[in-house]
Amino acid sequence: MTRAPVNRKPENGLRAAHIAAMTTRAARQATRPFPFDVPIAELRRRRSAKWTTFAADVLPLPVAEMDVRLAPPIIDALQAALDASDTGYSGDPSELIAAFAGFAARRWDWRVAASDVRVCTDVAVGVIEILRRVAPPGERVLIMPPVYPRFFAWLHETGLQAVEVPLKELERGGRLDLDGIAAALASGVRVVLLCHPHNPTGRVHTAAELRSLAELAARHGAIVLADEIHGPLAYHGTEFRPYLTLSEEARATGIAFTSASKTWNIPGLKCALLVADSSHHERALKPFPLGQAWHAGHFGMLASAAAFAHGDAWLDDLIAGLESNVSLLRDQLASTIPQIRMADPRASYLAWLDCSALGLAGEPAELFLERGRVALTPGRSFGPPGARHARLNFACSPDILIEAVARMARALR
Ligand SMILES: Cc1ncc(COP(=O)(O)O)c(C=O)c1O
């Protein structure tokens with residue numbers, strides 16, 4: 001992503017454009033102000049990556065942050081720490097681990113043993129450290145594009161080679177190509193980096209597919225690193241099944257990574273969790289001693305413990321807001337730019353937009369940015385199947401979403 005110089009001119013005409021765009025009754029009915037009720041002027045004052053990467057006249061919808069206010073239990077936990085000047089290193093992680101185990105049991109019927117959980121800085125650091133343990137430089141790692149661009153970056157950082165087995169049937173949300181995975185494992189690949197739910201399509205892989213993946217991995221002595229950071233954001237009525245819960249083979253082959261950071265919008269606080277059966281993965285887990293939260297942020301641990309223990313009600317409202325935004329975005333695209341086809345996300349806040357019917361010569365996101373002043377993530381950064389696609393982060397107010405589609409349409413005129 002290129003960083004444009006930050007231009008801090010006041011917002012011009014955006015409010016008027018929102019109001020004009022909100023004139024249809026259908027649009028008004030489809031919208032839910034909560035949880036995305038932070039005024040744009042307030043968002044523009046944020047110092048996080050989403051709000052400082054682009055010029056002030058750009059509507060920024062790539063970076064995976066949400067335009068929400070923090071959940072009250074998180075505010076209380078952080079406020080109590082601030083009031084007590086409790087800003088030292090992170091301490092005993094057992095409260096966080098118990099909170100996560102409670103969440104996993106309530107939401108996914110997953111009984112997580114505290115001895116299977118380690119705390120790390122973030123999912124990126126957790127995956128990279130494990131990769132360093134399980135795969136010497138030069139080794140091949142299976143990924144399934146279109147996929148979260150930093151998967152490529154993590155492999156680059158660890159000197160590993162990507163073996164790409166693209167998702168199949170992308171026009172229907174994309175499912176695992178089990179034949180392709182079997183062939184890659186048969187050729188000697190020993191590490192699979194799985195994204196579940198999948199970023200950017202928002203697909204929640206089925207239990208049957210994941211069980212088959214686990215069988216294949218077990219048969220070939222491979223390890224599955226399951227990045228489940230978007231798991232808590234599965235929509236109501238969609239069953240997210242954590243990889244490790246699916247079978248004995250999954251338990252034996254899997255190391256799962258999760259975090260409160262995407263779900264409760266606290267990625268800057270730095271805290272993630274790694275779950276694995278220690279009896280199978282002792283060597284891999286060495287950099288993460290039990291009972292110590294090496295390198296995690298103290299505020300990240302406090303906030304994550306509060307989120308997992310007391311954040312369900314806020315999360316349920318958030319998910320309802322995200323589902324409402326999916327309908328709104330779909331309607332806006334259908335009525336304004338019907339050539340764009342949108343995947344059907346079942347989790348999280350990322351819309352995968354197929355722009356191929358627009359017949360554009362270059363990267364759609366570049367055109368939307370240059371001519372429409374709306375920033376999306378370029379499809380190509382997700383690997384070759386991302387060509388002629390773009391990813392839009394819809395964890396924003398209905399006003400911003402409507403304005404974003406209007407700007408995309410304007411860019412195409
Ligand atoms: C699939 C996936 N994994 C990991 C991350 C980053 O997680 P962290 O900030 O904990 O490194 C993201 C962020 O968007 C993501 O989408």
Side-chain angles (χ1 to χ4, degrees), residues 1 48-50 53 60-68 90 96 100 117-131 141-158 162 167 174 192-205 224-234 240 242-243 255-275 288 293-297 299-301 303-304 307-308 322 343 345-352 375-379 381-383 386 391-396:
M1 191 175 1
S48 63
K50 180 174 181 185
T53 297
L61 302 180
V63 182
E65 297 175 18
M66 298 194 287
D67 297 350
V68 291
S90 53
L96 164 63
F100 172 70
V117 185
R118 309 285 191 282
V119 179
C120 55
T121 317
D122 56 22
V123 168
V125 169
V127 172
I128 285 170
E129 285 303 326
I130 293 286
L131 283 172
V141 174
L142 192 157
I143 56 172
M144 304 165 204
V147 74
Y148 178 49
R150 286 175 67 202
F151 277 21
F152 295 93
W154 299 345
L155 297 186
H156 181 72
E157 188 171 337
T158 45
L167 293 183
V192 176
L193 186 48
L194 172 75
C195 194
H196 171 52
H198 197 81
N199 174 357
T201 59
R203 182 170 192 259
V204 176
H205 304 303
V224 175
L225 308 184
D227 179 341
E228 301 189 340
I229 196 168
H230 296 278
L233 289 164
F240 166 76
Y243 180 78
I255 299 183
F257 301 83
T258 192
S259 173
S261 68
K262 289 292 111 180
T263 303
W264 285 276
N265 201 42
I266 48 174
L269 301 185
K270 292 295 164 200
C271 179
L273 298 166
L274 197 155
V275 190
F288 304 98
W294 283 132
H295 307 293
F299 273 30
M301 278 180 50
S304 303
F308 284 127
L322 293 176
R346 302 308 308 152
S348 205
Y349 43 84
L350 305 169
W352 185 234
L376 311 185
T377 312
S381 58
F382 296 82
R391 192 193 74 178
L392 182 153
N393 170 355
F394 57 81
C396 59

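Counting convention: from 1, in listed order, for ligands and their atoms alike. Quantities reported herein were computed from a predicted structural model and do not represent experimental measurements.
- Nearest protein heavy-atom contact of atom 7 (O) of ligand 1 is I229 CD1, 3.2 Å.
- Remark: ligand 1 atoms within the under-4.0 Å shell around heavy atoms of N199 are 15 (C), 16 (O).
- Of the protein's non-hydrogen atoms, V123 N, 2.8 Å is the one closest to atom 10 (O) of ligand 1.
- Between R346 and F240 the shortest side-chain heavy-atom distance does not fall below 4.5 Å.
- For C195, the closest heavy-atom approach to ligand 1 falls below 4.0 Å.
- Side-chain atoms of Y349 and K262, non-hydrogen and from C-beta on, do get closer than 4.5 Å to each other.
- When only non-hydrogen protein atoms are considered, atom 5 (C) of ligand 1 lies nearest to Y148 OH, 3.3 Å.
- The atoms of ligand 1 that sit less than 4.0 Å from any heavy atom of D122 are 8 (P), 10 (O), 11 (O).
- Side-chain contact between Y243 and L225: absent, with no pair of heavy atoms (C-beta onward) separated by less than 4.5 Å.
- Near A124, meaning under 4.0 Å from one of its heavy atoms, ligand 1 places the atoms 11 (O).
- Residue contact check: K262 has heavy atoms under 4.0 Å from atoms 13 (C), 14 (O) of ligand 1.
- Under a 4.0 Å criterion applied to the non-hydrogen atoms of A64, ligand 1 contributes the atoms 14 (O).
- Looking at N265 and V68, their side chains come closer than 4.5 Å, going by heavy atoms from C-beta outward.
- Here the side chains of F100 and V275 are in contact, with some heavy-atom distance below 4.5 Å.
- Proximity to H230 (heavy-atom distance under 4.0 Å) selects the following atoms of ligand 1: 1 (C), 15 (C), 16 (O).
- Only the side chain of D227 comes within 4.0 Å of ligand 1, counting heavy atoms alone; its backbone N, CA, C and O stay farther away.
- When the side-chain hydrogen bond (donor to acceptor under 3.5 Å, both in side chains) test is applied to E65, the partners found at least two apart in sequence or on another chain are S48.
- The aromatic ring centroids of Y148 and H198 lie 6.0 Å or more from each other.
- Counting heavy atoms from C-beta on, the side chains of P200 and F382 come closer than 4.5 Å.
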